[in-house]
Amino acid sequence: MNYDFQDIEKKWQKIWAERGTFKAKNNTDKPKYYVLDMFPYPSGAGLHVGHPLGYIASDIYARYKRHKGFNVLHPQGYDSFGLPAEQYAIQTGQHPAITTEENIKTYRRQLDQIGFSFDWSREVRTSDPKYYRWTQWIFIELFNSWYDKNEDKAVAIDTLIQLFETNGNKDVNAVCDEDIEQFSASDWNRYSKKEREAILLKYRLTYLAEAEVNWCPALGTVLANDEIVNGVSERGGHPVVRKKMTQWMMRISAYAQRLLDGLNTIDWPQPLKDSQTNWIGRSQGASVKFYTIPSENAKERFPIEVFTTRPDTIFGVSFMTLAPEHELVAKITTAAQKTEVKTYIEATAKRSERDRMADVKTISGAFTGSYAEHPFTKRQIPIWIGDYVLAGYGTGAVMSVPCGDQRDYDFAKHFDIAIPNIFEGVDISNEAFSDKDKTVIANSDFLNGLSYKKAVKRAIYELEKLDQGQGKINYRLRDAVFSRQRYWGEPFPVYYVDGMPQMIAKEHLPLKLPEVEKYLPTETGEPPLGNALEWAWDTKQASVVSNQLIDYKTVFPLELNTMPGWAGSSFYFNRYMDPDNNKELFSKEAMDYWQDVDLYIGGSEHATGHLLYARFWQKFLFDRGIVLKEEFAKKLINQGMILGTSAIIYRISGTDKYVSKGLKSNYETEELRVDVNLIDSVDVLDVGALKNWQPQFKKAEFLLEDDKYIVGREVEKMSKRWYNVVNPDAICEAYGADALRLYEMFLGPLEQSKPWNTAGITGVYSFLKKMWRLYHSGVEGIFKVTDTTPSSDNYKTLHKTIKKVEEDIENFSFNTSVSTFMIAVNELSTQKCTSRAILEALVILVSPYAPHIAEELWEKLGYKESVAEVPFPKFEEKYLIESSKEYPISFNGKMRFKLEFPIDMEKEAIEKAVMEHQKTQAQLQGRTPKKVIVVPGKIVNIVG
RNA sequence: GCUCGAGUGGUGGAAUUGGUAGACACGUUGGACUUAAAAUCCAAUGGACAUUAGUCCGUAUGGGUUCAAGUCCCAUCUCGAGUACCA
């Protein structure tokens, strides 16, 4: 019987599903192990061979842990809200739910054929109301919480109300909006309901705010910072402009420091940690208040607050710069400068983010006509505006120290502003000096002669005395915009009474997405939900707030925005623990048992999106006592991308002739990409197939070399537009799922990017056939495993393999264990091994990698239970220990030859023996023998 | 610019953490089987000289530490990823 992978794979996939082999139990005595993949967005294109790479790796690990006696949770689901389904709906009118459902079916079929050990009984879908009711539930929890800096955690909003009632907000130490005025308890008690709600909103962890947002007109929605790449939208590459809008925000900035600190407690890849660290962007410095000097049109003394990391250079300030959007600009600009400033602001506002980023070299700005007073020297400092100062960072204003900052320097040079030097022995005639380590301050009153560190301390101390500044830590991380003007997302569980947001009672969740006529935003700029024919906010739910039938649009309008893509993915790992629970997010027992993810595998592109937001929500849920661990995933691995190898043909310009790669230098050609599936083993194009592929090639002529058309190759992202997509279905059909699994692992280290090359798959495929043959004999393929006692060689091969494979899996170097299997099978074939003891163990070793063939052989070995349930073979050192060992002999450090000695021979005895050998050699070659030294345990050394 | 990461045959990649570099696989070449092809099996395969033995050179480049360096240290070059007027 031959290795018929198609029958075998279908058979076992069916049996696994029927038996529920991979169902995880929530209560056993076994230790738990939670292996998680980043769940996919089910796109219309289906899976290509790059997608399952991480899933195969996690599957191997999950199966391995199962062999090691763990109760393994290895779930899978779909992140099924998202833009492509919605855009498809806009074009075709087909409901996103329908396309999503179809796509999920394709994904499921493709995933199933690869033979994953997912527990599908726990599947979640973010677009399923049974799931997103909990997304809405968490949103309500966030709304009902504030961040207490004294306790350094999120607490219930009720505690804040109590504080207000008894003491006002005097002693409240919260992370909140910055424009809060002080009020007393009696003030609070006098306020109207609406006034109180407005104040509370400034403290809540999710809040409404008028904010400058990234508006993408083409998509008709706002985008978060991480959804913008190079100034254009990540999806579609549309331009993005800044716009003020009222939006739901998430107070992630409250967690900036803890998100940073938490990175030290988790085993995540360093590059990923680095990019989160950069994203959070902590910088230590001081905030300093400068006061404006009153003039005819601005009689008040306005404070301008700036953030600086160099308070030591405060005596070097020669001007101040405000972002053009800064709110003080309008108030302080003098009549004389009004036109100039206005023109400048209009010019900068017109520039898109992209222009602004593309052109950082041009220096531009305008003088406001006003001056500020230096806190120490009391000198007049001109106040400028310039777009090199960003409204979104710090306070949107800087104290400009041209001698110490290159941007300030360039600005000063450009506008001919003074550049006072405050550094000892430094020439600043050509550029600013910013080397902190070599800094010695001069011309700076009390800071003279101090180093950077000391000067910073002293400057802050002096500023505090004046009450014009203090030490401050600033974070780049901004609060996240949580509203999207889209249809296909979670509706907010929010309605408005008198303009103030109210939460729908939790028992009435989920608030379901309504049917709409159109999926585009309405003409009035309302989000698509404004098109709702009938809202899920039905009579029953409405009566809860009003006890009467209402028209939601006029009486209690609902929030029409939806939540962003990252909402549903920020807690799904917790929901898998108890996915069918419709009373709680999860039961206490489930959380007690599973706690957190032990191994999380997914792409590094989520570093500053999903992975940051998920950590934020986890910390919040932890603060509120809902989850048990502050970090949701102990270990994370980023699998590399599998790239496509595009095939290129060369058309002679202006003709219908195509020239083979080796001959193209003789002609002027242009490159065309063709379907990689038209290329056979080694870059040879199937010319006939190409002619049928696209009409444009019907009449094409080909100039061949050696009767072949050789294509050019280019490694690039696997994508339809390059025709380099390889479909796993085709691979499974031709070589089987086990071959696909092995090959994806064999391709190279898990975390590295590597190009796919179908030609190489024959190697692992022939390994599988060899392995099959190891258990069968003759042409008829009779199962030939016997009860003969294994030879010592058999044992040695087996235990060598056990050791290596176990180490490989623990270190996630799955690529090398594939080689180890190949060596083992080759050795056992040479040894003509038929011993049951050896061959049984081999099946178990291979089973995490190639589960189908393993199950089939296991069954043939006479077992009824699945091989997945069997304990991993135990490594025993004794089979590897030999009676003698070869010692490499080095001569002046150079390896020359080896000598064999008994394993228990003493060091001195070996030295002596080598000496003897030396003498005979020396005699033969007619020279004097050399001195011999044995380096302990390692090597025999001869020194000349 | 800044922060990480990586440079090993024709190709993907190994190398027990300082101890015989190139495992394993692809590809290539030769051979066996075959009317032929496919499939399968066997052999060779870093380079140079020698073709019996062998010798020399080789892990991006230049130095260094060491009996011994792909591995550790310093400098340089190249490529990749992230980030970018962050005060």
Side-chain angles (χ1 to χ4, degrees), chain A residues 229-231 269-279 281-283 285 306-311 313 320-321 323 356-357 359-363 386-390 392-401 404-408 410-411 434 474-478 604-605 607-608 638 640-641 645 681-683 713 742-743 746-749 751-767 769-770 773 803-804 807 813 815-824 826 886-898 931 933 935 937-944:
Chain A
V229 178
N230 294 331
Q270 196 54 44
L272 192 148
K273 287 186 181 182
D274 289 343
S275 72
Q276 288 208 351
T277 307
N278 285 338
W279 193 260
R282 177 191 151 111
S283 50
V306 301
F307 174 75
T308 177
T309 53
R310 298 294 304 272
T313 63
M320 301 192 70
T321 317
R356 203 164 151 166
M357 284 168 74
D359 162 39
V360 295
K361 295 232 166 65
T362 317
I363 294 157
D387 69 355
Y388 82 95
V389 176
L390 303 174
Y393 182 77
T395 60
V398 300
M399 57 175 229
S400 302
V401 183
D405 182 288
Q406 193 57 42
R407 291 155 305 169
D408 295 344
D410 295 340
F411 195 88
S434 55
N474 196 51
Y475 299 93
R476 197 187 78 119
L477 184 70
R478 320 273 8 124
S604 57
E605 66 273 20
T608 52
N638 291 133
M641 215 189 338
T645 312
S681 57
V682 237
D683 301 351
R713 292 294 203 175
L742 282 169
Y743 188 57
F746 184 73
L747 225 41
E751 305 190 37
Q752 231 170 64
S753 293
K754 54 235 157 188
W756 176 271
N757 181 7
T758 303
I761 202 169
T762 53
V764 292
Y765 180 59
S766 72
F767 155 73
K769 283 193 284 189
K770 274 185 204 164
R773 235 177 294 132
K803 189 175 181 216
K804 185 73 169 64
E807 280 170 6
S813 35
N815 53 328
T816 48
S817 34
V818 180
S819 304
T820 309
F821 291 139
M822 291 179 178
I823 295 166
N826 282 341
E886 281 192 326
Y887 279 76
I889 311 295
S890 83
F891 173 69
N892 277 350
K894 186 112 195 157
M895 288 301 158
R896 285 301 161 92
F897 50 89
K898 284 195 223 172
K931 197 184 161 200
I933 302 165
V935 180
K938 287 260 183 175
I939 202 163
V940 178
N941 221 345
I942 304 168
V943 191

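Labels below follow one simple rule: chain letters A, B, ... track the order of the sequence lines, proteins then strands, and each chain is numbered from 1. Treat the numbers as computed from the prediction; the structure is a model and nothing was measured.
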K770(A) and N826(A): side chain to side chain contact (heavy atoms under 4.5 Å, CB included), yes or no, with the steps?
CA-CA 8 Å; K770(A) 274 185 204 164; N826(A) 282 341; 3.5 Å; yes
Using the glycosidic torsion, which applies to G27(B): syn (within 90° of 0) or anti (everything else)?
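What G27(B) shows is an anti base, its glycosidic angle lying more than 90° from 0.
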Identify the pairs formed between an N or O of the protein and an N or O of nucleotides 9-12 of chain B at a distance under 3.5 Å, and give each distance.
from	atom 1	to	atom 2	distance (Å)
G12(B)	O2'	L747(A)	O	2.5

Whether T645(A) side chain and W756(A) backbone form a donor-acceptor pair below 3.5 Å:
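Pair found, side chain donor or acceptor close to backbone of W756(A).
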V401(A) backbone acceptor or donor facing D408(A) side chain under 3.5 Å:
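Judged by distance alone, yes, a pair lies under 3.5 Å.
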Using the [atom1] atom as the reference point in each nucleotide, state the distance between [N] and [M] in Å, no decimals.
| N | M | atom1 | value |
| --- | --- | --- | --- |
| G13(B) | G19(B) | C1' | 22 Å |
| C85(B) | G5(B) | C1' | 26 Å |
| A15(B) | A53(B) | P | 31 Å |

Integer-rounded Å distance: [N] [atom2] and [X] [atom1]:
| X | N | atom1 | atom2 | answer |
| --- | --- | --- | --- | --- |
| D274(A) | C4(B) | CG | C1' | 5 Å |
| W279(A) | U3(B) | CH2 | C1' | 15 Å |
| Y393(A) | A84(B) | OH | P | 13 Å |
| E605(A) | U83(B) | CD | C1' | 16 Å |
| F411(A) | C85(B) | CZ | P | 16 Å |
| Y475(A) | A87(B) | OH | C1' | 17 Å |

With sequence neighbours left out, write down each residue that passes side chain to side chain contact (heavy atoms under 4.5 Å, CB included) with [X], or none if nothing qualifies.
| X | result |
| --- | --- |
| S275(A) | A607(A), T608(A) |
| T816(A) | K804(A), D808(A), S813(A) |
| R310(A) | T308(A), D312(A), T313(A), F423(A), K436(A), T439(A), Y452(A) |
| P269(A) | P271(A), L272(A), L636(A), N638(A) |

Can you give me the dot-bracket string for RNA chain B, 5' to 3', counting Watson-Crick and G-U wobble pairs with both distances under 3.5 Å, using [ ] for crossing pairs and | for partners on another strand?
(((((((..(((......[....)))((((((.......))))))((((....))))..(((((..]....))))))))))))....
Can you list the steps and then say if S283(A) with Y475(A) is a side chain to side chain contact (heavy atoms under 4.5 Å, CB included)?
CA-CA 6 Å; S283(A) 50; Y475(A) 299 93; over 6 Å; no
Strictly below 4.0 Å: does S283(A) bring a side-chain N or O up to OP1 or OP2 of A87(B)?
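Yes, because at least one side-chain N or O of S283(A) sits under 4.0 Å from OP1 or OP2 of A87(B).
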